[in-house]
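Scroll down for the structure; my scribbles are underneath it.
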Amino acid sequence: LKTFTTHSNDKKDHRIVVTSDVQTFGNKTFRDLIIQKGIIPQITKKHKDLSDGLDFMLFPGDLVSSGKTVEWQNFLNAGNALFSQIPIYPAIGNHDYYSKGENYFRYLVLPGNERYWEKDFGNIRLLSLDTNKETKKQLIWLKDLLQKTRNDDTIDYLIIEAHHPHQSESWIKGESKFSQDVFKMSAEFQGQSGKPVLLLNGHTHAYNRSHHHNHQQYAVIVGGGGGKLDKWGKYRQVDYSDTTVSDDNFGYALVGVDS
């Protein structure tokens, strides 16, 4: 049993690490390349330990491949050096639902109904969505929550994590109509509230970064967590005018939010 102290909910600067789509065959890459050769040396270069330099980890889905118990055990073992020091807040992916999703809810303890939920970190509001099921019900929930967030003076930033992206230059087939609706709703929220919005997705096994032409809204696909990469040219692609970076390599993203 390992324990760590989470940061207080006071208004402060936050540092968040994000990756997704490790799946079963990516555990070694996740452990050796992403964590041991990436996150740990980058953070501990300036901080005494991971919990001093990072507040938490976001993981927009597909932690495993088929949801079997042995896969979850292998995933948790692969990420032990990270998970033993900072909390992880994932969004459920399509592969996490395999085997009825039983182990996702067995091994993870998340807010609300654990499928889609909200949690505040200081002046950041984090929303985690389920792009697989009950999407109409979630849009009603999201509309109400965005209204409350718009009028909440204690919240300055909105982060939304969800597995399927609204658009993906690397893999068009992986785009989601539900996520496109979320993108439009959050863009409208940003325009009305002035609060910056960051969308974090997976599903595409690559890195894409885009920004809205008219709003302070950004969307990042961080699907290079270890699963087999969606190499450029493998699928039919499109050049979106608001996508600034498409990269077909393994990796992670560091998000800094200043108070």
Side-chain angles (χ1 to χ4, degrees), residues 1-64 69-93 96 103-112 114 117-128 157 159-161 163 198 200-202 207 220 222-227 250-259:
L1 178 65
K2 296 185 178 181
T3 63
F4 52 80
T5 301
T6 58
H7 292 271
S8 70
N9 205 35
D10 296 334
K11 200 171 186 178
K12 62 182 286 293
D13 297 345
H14 286 81
R15 296 296 177 264
I16 308 160
V17 63
V18 192
T19 195
S20 74
D21 293 81
V22 170
Q23 300 183 347
T24 299
F25 299 106
N27 280 323
K28 187 177 187 301
T29 300
F30 179 53
R31 181 193 66 208
D32 297 344
L33 183 63
I34 304 298
I35 298 177
Q36 296 295 342
K37 294 182 179 180
I39 297 172
I40 290 178
Q42 183 173 0
I43 298 303
T44 56
K45 185 177 181 179
K46 295 183 179 180
H47 302 274
K48 62 181 180 179
D49 54 40
L50 290 177
S51 61
D52 184 53
L54 290 171
D55 292 279
F56 54 91
M57 181 179 197
L58 297 180
F59 205 110
D62 280 6
L63 291 73
V64 296
T69 298
V70 65
E71 290 185 354
W72 275 95
Q73 293 172 342
N74 290 337
F75 168 74
L76 293 172
N77 287 333
N80 179 64
L82 188 62
F83 302 156
S84 62
Q85 296 197 51
I86 62 171
I88 174 175
Y89 296 97
I92 191 166
D96 303 320
N103 281 323
Y104 182 90
F105 301 106
R106 174 188 176 191
Y107 285 106
L108 299 170
V109 178
L110 298 168
E114 299 188 300
W117 45 267
E118 64 170 301
K119 185 174 176 61
D120 293 346
F121 298 89
N123 60 342
I124 305 169
R125 175 153 294 167
L126 169 65
L127 308 183
S128 185
Y157 302 95
I159 297 177
I160 301 175
E161 67 165 345
H163 185 56
L198 174 62
L200 296 169
N201 304 110
Y207 177 85
V220 184
V222 284
F250 297 115
Y252 58 94
L254 289 176
V255 179
V257 182
D258 299 330
S259 61

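The first residue in the sequence is number 1, and the count goes up from there.
Remark: aromatic rings of Phe59 and Phe83 are distant, center separation not under 6.0 Å.
With rounding to the nearest 0.5 Å, the separation of OH in Tyr89 from CH2 in Trp117 is 7.0 Å. Rounded to the nearest 0.5 Å, atoms CG (Leu126) and CZ (Phe121) are 5.5 Å apart. Here the CG atom belonging to Leu63 is positioned 4.0 Å from the CZ atom belonging to Phe75, to the nearest 0.5 angstrom.
By the 4.5 Å heavy-atom criterion applied to side chains, Ile16 and Ile159 are counted as neighbours. Pro90 places a side-chain heavy atom less than 4.5 Å from the side chain of Leu110. In this structure, the side chains of Ile35 and Asn80 stay at 4.5 Å or more apart for every pair of heavy atoms. Thr19 places a side-chain heavy atom less than 4.5 Å from the side chain of Met57.
A donor-acceptor distance shorter than 3.5 angstrom exists from the side chain of Asp55 to the backbone of Arg15, with no hydrogens or angles considered. For the pair Asn27 (side chain) and Thr24 (backbone), a donor-acceptor distance under 3.5 Å is present. The closest donor-acceptor contact from the side chain of Ser20 to the backbone of Val222 lies under 3.5 Å. Looking only at distances, a side-chain donor or acceptor of Tyr104 sits under 3.5 Å from a matching main-chain atom of Ile92.
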Name every donor-acceptor pair, under 3.5 Å, that has one atom in a side chain of residues 37-46 and the other anywhere in the protein, sequence neighbours excluded.
unit_1	atom_1	unit_2	atom_2	d
Gln42	OE1	Tyr252	OH	2.5
Thr44	OG1	Ile40	O	2.5

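In this structure, Phe56 and Ile86 approach most closely via the heavy-atom pair C-CD1, 4.0 Å. When every heavy atom of Asp96 is checked against every heavy atom of Gly93, the shortest pair comes out as OD2-N, 2.8 Å. The two residues Gln85 and Asp49 have their closest heavy-atom pair at OE1-CB, 3.7 Å. Shortest non-hydrogen contact noted between Ser84 and Ala81 is OG-O, 3.7 Å.
Here the options are Val17, Leu198, Ile124, Leu58, the test is side chain to side chain contact (heavy atoms under 4.5 Å, CB included), and the partner is Val255; only Leu198 passes.
Taking the side chain to side chain donor-acceptor pair (under 3.5 Å) definition, one finds that Thr29 meets it with nothing, sequence neighbours left out. Here Asp32 pairs with Lys28 under the salt bridge (charged side-chain N to carboxylate O under 4.0 Å, His left out) rule; sequence neighbours left out. Every residue two or more places apart in sequence or in another chain that forms a salt bridge (charged side-chain N to carboxylate O under 4.0 Å, His left out) with Glu118 is listed here: Arg125. In this structure, the side chain to side chain donor-acceptor pair (under 3.5 Å) partners of Asp62, at least two apart in sequence or on a different chain, are Gln23, His163. Applying the side-chain contact (heavy atoms from CB on, under 4.5 Å) test to Tyr107 and every residue at least two apart in sequence or in another chain returns Thr69, Trp72, Gln73, Leu76, Asn103.
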